[in-house]
Amino acid sequence: MTAVKIIKVLGTSEESWEDAAHEAVEEASQTIDDIHGIEVEDWTANVEDGQVTEYKTTVEVAFPVHHGE
């Protein structure tokens with residue numbers, strides 16, 4: 001049986017929500033091994049003068065718990 005840990009990570013992008021999700025995974029993968037998947041939990045954005053200026057994506061990152069570490 002494998003135990004899985006899930007954490008929330010916020011990614012940001014000036015281009016799109018998809019890019020924000022990619023950024024979240026890239027950043028998380030710098031300190032987390034064996035990321036198995038993500039679930040997009042929330043999509044938000046900053047707006048200035050009627051224009052979206054920054055996309056934000058909150059993702060849940062899933063990875064296995066390695067015993068003895």
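Fair warning: this is a prediction, and the values are worked out from it, not measured in the lab.
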Same cluster (ILVMFWY, side-chain, under 4.5 Å), Val59 and Val4: no
NZ on Lys8 to CD on Glu39, rounded to 0.5 Å: 10.0 Å
Distance-minimising heavy-atom pair for Glu60 and Ile6: CB-CG2, 3.6 Å
Ser29 side, atom OG; Phe63 side, atom CZ - distance, nearest 0.5 Å: 12.0 Å
Donor-acceptor contact below 3.5 Å, side chain Glu23 vs main chain Thr12: yes
Within 6.0 angstrom of Glu54 CD, more than 12 heavy atoms from elsewhere: yes
Leu10-Ile7 co-clustered via ILVMFWY side chain contacts under 4.5 Å: no
Closest contact, heavy atoms only, Thr53 versus Glu48: CG2-CB, 3.7 Å
Point-to-point distance, once rounded to the nearest 0.5 Å, from CD1 of Ile32 to CD of Glu27: 11.0 Å
Result of checking Ile38, Val61, Val25, Thr58 against Val9 for side chain to side chain contact (heavy atoms under 4.5 Å, CB included): Val61
Euclidean distance, Ser13 OG relative to Tyr55 OH, rounded to 0.5 Å: 8.0 Å
Test item: Trp17 side-chain N/O and Thr44 main-chain N/O as donor-acceptor pair under 3.5 Å: yes
Heavy-atom neighbours of Glu15 CD exceed 12 at 6.0 Å: no
